[in-house]
Amino acid sequence: MVRWTQQCIPTLREPPQDAEIPSHRLMLRAGLIRKLAGGLYTFLPLGLRALRKVERIVREEMDRAGALEILMPALHPREVWDRTGRYDVLRDVMFKIKDRQDREMVLGPTHEEIVTDLVAREINSYRQLPRNFYQIQTKFRDEIRPRFGLMRAKEFIMKDAYSFDVDTDAAETSYQAMYDAYVRIFERCGLRTKIVEADTGAMGGSASHEFMVLADSGEDGLVECDGCDYAANLERAESASTAPREFDGAAEAIQEVDTPGARTIEQVAAFFKTEPARMIKTLIYLADGEPVAVLTPGDRDINEIKLARALKASELVMADDATVEKVTGAPVGFAGPVGLSGVRLLADEKLKGYRGGITGANKAEKHIVNVDLERDVPELTYADLVFARGGDQCVRCGGTLQEKRGIEVGHVFKLGTKYSEQLGAQYLDEAGKQHPAVMGCYGIGVTRTLQAVIEQSHDKDGVIWPAAVAPYPVEVLIINTQHEPSVQVGEQLAAESEAAGVDVLLDDRDERPGVKFKDADLIGLPLRVGIGEKSLARGVVEIKIRATGEMRECAPDAATETVLELLGTLNNAAKSS
RNA sequence: CGGGGCGUAGCGCAGACUGGUAGCGCGCUUGAAUGGGGUUCAAGAGGUCGCGAGUUCAAAUCUCGCCGCCCCGACCA
C-alpha cells in the first residue's frame with residue numbers, strides 16, 4: 001500500500017504549454033513524467049510503475065515464446081558498425097562520442113550488429129539453432145525532431161529480439177511466433193492494434209509488419225481495405241491502377257499553348273480551368289547521379305521509396321535547377337515527356353492510357369495539351385511510383401482503401417542472411433557444411449507503447465488505465481480525513497486489499513473532496529473506492545469503475561471481495577477485446 | 001537544416017508597441033472556517049524577466065549575438 005502523502009504524484013491542474021497531444025498532456029498532468037530537455041524524460045514513480053507493468057507483459061510473452069533474455073551494451077565501438085557499413089547508413093541518427101583514448105564510440109540506436117557478433121562467436125552448430133535473443137534496453141537516436149513526449153524521443157526503451165534459424169522455412173516459424181507473441185502483448189496491454197505491411201527501411205530484409213495503434217496524432221500514415229484484410233503503411237501501400245483516363249481533346253493532336261506565369265500544377269490547372277489529375281507531372285531526379293524523368297498524375301505524390309526500388313538506385317535526390325534546365329532545356333516548371341531525349345523515362349502505372357493530358361513543353365512558359373501517352377511517348381515504361389491514398393482501390397480485392405494514421409508500437413522484420421554473412425554468424429549443418437544463420441528481428445517501443453495506451457484510453461477528465469498496465473489497480477479515497485471513522489475504514493480496506501495481493505494507492509491527503517475526486521479521475525486508476533461520512537452512515541462504501549463511470553455500493557466488509565471480483569472482470573474484458 | 005512562434009515565480013499568463021521601483025490567476029507556507037466534484041477569508045514566501053554584449057541617467061521593454069523550447073516543412077517543380 002502506498003499513501004498519497006508519502007508518494008510523489010505531482011498532478012497539474014493546467015497542462016504545460018508545450019504539450020500538444022492528449023497522451024503527452026496527460027502524462028505530464030497526471031504526474032507520470034517530467035521533461036529534462038527535448039526528447040528526454042524522467043519517469044516519476046507512477047509512470048515508472050506503469051512502464052514496469054508493460055515491461056513485465058513483454059517479458060512474460062517473450063519468455064513464453066521461447067526467447068532468451070540478455071542485456072547488451074548501450075555503448076558500442078564504431079568498428080562493429082563499420083563491419084556492416086551501417087555506420088554510414090545510420091550516421092545521422094547515431095550519437096557519436098569518443099572515449100579518453102580518443103576511440104570512436106556510438107550510443108546504440110539498435111542492436112543487430114551487436115547480437116550477430118555475439119552469435120557469430122557462440123553459435124557454431126545446427127544443434128544450437130533456432131535461438132532467439134531479446135533485451136529490454138535504452139536506445140539512443142538523434143531524431144531530427146523529437147516530439148509528443150515519449151512518442152519520438154532521443155532516448156527510449158525498446159524491447160528488441162533477434163532470431164537465428166537454419167533456413168528460411170525455420171525463420172518463417174520464428175517470425176510467426178514473434179508475430180503471435182506481439183498480438184498477445186498488445187492485447188494484454190489493452191491496446192487495439194492494426195497490423196500492416198511495412199517497408200523495411202534502414203533495417204533491410206525481405207518483409208515486415210508493423211503493429212499500429214490507430215490515432216489521429218499518429219506519425220505514420222496507413223491504408224486499410226474495407227473489403228479484405230489488406231492493410232499497409234503508406235510507405236509501402238499499393239493501390240490498383242485506375243481505369244485509363246480520358247480527358248477533353250483525347251483524340252486530338254498535341255498542341256503547344258502559351259501559359260504565362262503558370263508553372264506549378266495548381267497554376268497550370270487553374271490556367272486551363274481543369275483538375276490537377278489531368279496534369280502529367282514530370283519531375284527530374286538524380287538516381288546515383290544519373291538524371292531520370294519521372295511522370296505521375298498531377299494530383300499524386302511520388303513515393304521515393306518505391307521510386308528508388310524501381311530504379312534500383314541507392315541514392316535518389318531531386319535534381320537541382322541547373323540539372324533540370326540542362327535536361328529539359330527549360331526553366332524548372334515546364335518539364336514534360338514529349339520529345340524529351342537523353343534521359344531515362346519512367347511513369348507511374350496510374351498514367352497508363354492517359355489521353356488528353358496536359359504537360360510541360362520543355363520550353364519556358366509553354367505547356368502541351370491533348371497528350372496521349374501511348375501515342376506520344378511510346379517508349380515509356382511504367383511502375384508503381386506514387387503513394388496510395390484513401391479512396392483508391394485495393395490491389396487484392398478491389399475494395400476501397402481507407403486512409404488512417406497510426407502510432408507504430410511494434411515492428412517485425414524478416415532479415416535473411418544480410419547480417420549473419422557480414423558478421424560471420426555461420427553454423428555447420430549435419431553434413432559439416434557451413435551456412436549463414438537466417439535472421440529475423442523484432443522491436444517494441446516500450447515507452448511509446450505506454451504513451452499509446454493513454455492516447456487510446458482517456459477522456460476529458462484524465463487517463464483511463466487498462467487494469468493490466470495501471471500503476472495501481474485501485475485507489476482508496478478517504479473523502480474527509482478529519483472524519484475518524486472514514487480514516488479507519490479506509491486504512492483497513494487498503495490493508496485488506498494489500499493482503500489479498502492487490503496494490504493500493506491510498507489518498508489520505510487532507511484536501512477538499514473535489515480536489516481528490518478530480519485527481520483520481522486524472523490519474524485514472526481502474527477502480528476507486530470512496531469512503532465518506534454519508535455513505536458510511538448508510539453502511540456502505542462506494543466503488544467507481546473509471547472506464548465506465550459505473551458506481552457500486554457494498555458493505556465495508558465486502559469491499560475487498562468486490563474489488564477482486566471487479567478487477568477480474570476488467571482483466572477478462574481486456575483479454576477478449 | 002529551412003520557416004514560424006515562444007522564453008517574465010512551480011504551472012498558466014499579462015506587462016514590451018510608447019524605457020522609469022515586476023504584476024495577475026492557480027499552486028505553495030501559516031492561521032481560521034469549511035468538509036461528497038478543483039470551497040472561503042486573512043497573512044505570507046517565492047523572480048539573475050533564458051544568457052551575453054550594446055544603446056541610455058535609466059532596459060523585462062530598444063539593438064546585436066547566443067542558447068533553449070514548441071509547431072510546420074525538409075527537396076512534389
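Keep in mind the model is a prediction, meaning the values are calculated, not measured. Below, chain A is the first sequence line, B the second, and so on; all start at residue 1.
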Once you apply a heavy-atom cut-off of 4.0 Å, does [X] come out as touching a base, just sugar-phosphate, or nothing?
X	result
T296(A)	nothing
D321(A)	nothing
Q17(A)	sugar-phosphate
A319(A)	base
G38(A)	sugar-phosphate
F148(A)	sugar-phosphate
R152(A)	nothing
D320(A)	nothing
N480(A)	base
D510(A)	base
R145(A)	base
K281(A)	base
P10(A)	nothing
L12(A)	nothing

I'd like the [atom1] distance from [M] over to [N], given in whole Å.
N	M	atom1	answer
A45(B)	G3(B)	P	46 Å
G20(B)	G25(B)	P	22 Å
C41(B)	G47(B)	C1'	27 Å
C51(B)	A33(B)	C1'	47 Å
G50(B)	G38(B)	P	35 Å
U29(B)	C72(B)	P	38 Å
A43(B)	G10(B)	P	23 Å
A53(B)	G46(B)	P	27 Å

Nucleotide [N], atom [atom2] - distance to [atom1] of [X] in whole Å:
X	N	atom1	atom2	result
E511(A)	U34(B)	CD	P	17 Å
R512(A)	C26(B)	CZ	P	15 Å
M27(A)	C11(B)	CE	C1'	19 Å
I284(A)	A77(B)	CD1	P	13 Å
E533(A)	G36(B)	CD	C1'	10 Å
K516(A)	G38(B)	NZ	C1'	13 Å
E219(A)	C71(B)	CD	P	10 Å
L340(A)	A77(B)	CG	C1'	14 Å

Salt bridge flag under 4.0 Å for residues [X] and [Y]:
X	Y	result
R405(A)	D216(A)	no
D18(A)	K35(A)	yes
R389(A)	E403(A)	no
E550(A)	R552(A)	yes

Do the numbers put R78(A) on top of the ring of Y87(A), so that NZ or CZ is under 6.0 Å from the six-membered ring centre and no more than 45° off the axis? yes

On the ring face of W4(A), is R509(A) found with NZ or CZ under 6.0 Å from the centre and within 45° of the axis?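 Yes, a cation-pi geometry holds between R509(A) and W4(A).
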
Watson-Crick or G-U counterpart of [N], or none if no pair lies under 3.5 Å:
N	answer
G65(B)	C51(B)
G20(B)	C57(B)
C41(B)	G31(B)
C26(B)	G10(B)
G73(B)	C1(B)

Of all the choices, [options], which nucleotide is nearest to the side chain of [X] once you look at every atom?
X	options	answer
R528(A)	G36(B), G37(B), C69(B)	G37(B)
I302(A)	C76(B), C70(B), G12(B)	C76(B)
R147(A)	U39(B), C71(B), C75(B)	C71(B)
I144(A)	A74(B), G35(B), C72(B)	A74(B)
D519(A)	A77(B), G38(B), G36(B)	G38(B)
E14(A)	A77(B), C11(B), C70(B)	C11(B)

V317(A) vs D461(A), nearer the 5' end of RNA chain B by closest nucleotide: D461(A)

If you pin G39(A) and P513(A) to their nearest nucleotides in RNA chain B, which one's is more 5'? P513(A)

Side chain R3(A), main chain L505(A), donor-acceptor under 3.5 Å: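 Pair absent, no side-chain N/O of R3(A) close to backbone of L505(A).
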
Hey, does the side chain of R13(A) come within less than 4.0 Å of G27(B)'s phosphate (OP1/OP2), counting only N and O? yes

Donor-acceptor pair between E155(A) and T138(A) side chains, under 3.5 angstrom: no

Does the ring centre of F140(A) sit less than 6.0 Å away from the ring centre of F156(A)?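 No, they do not, as the ring centres are separated by 6.0 Å or more.
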
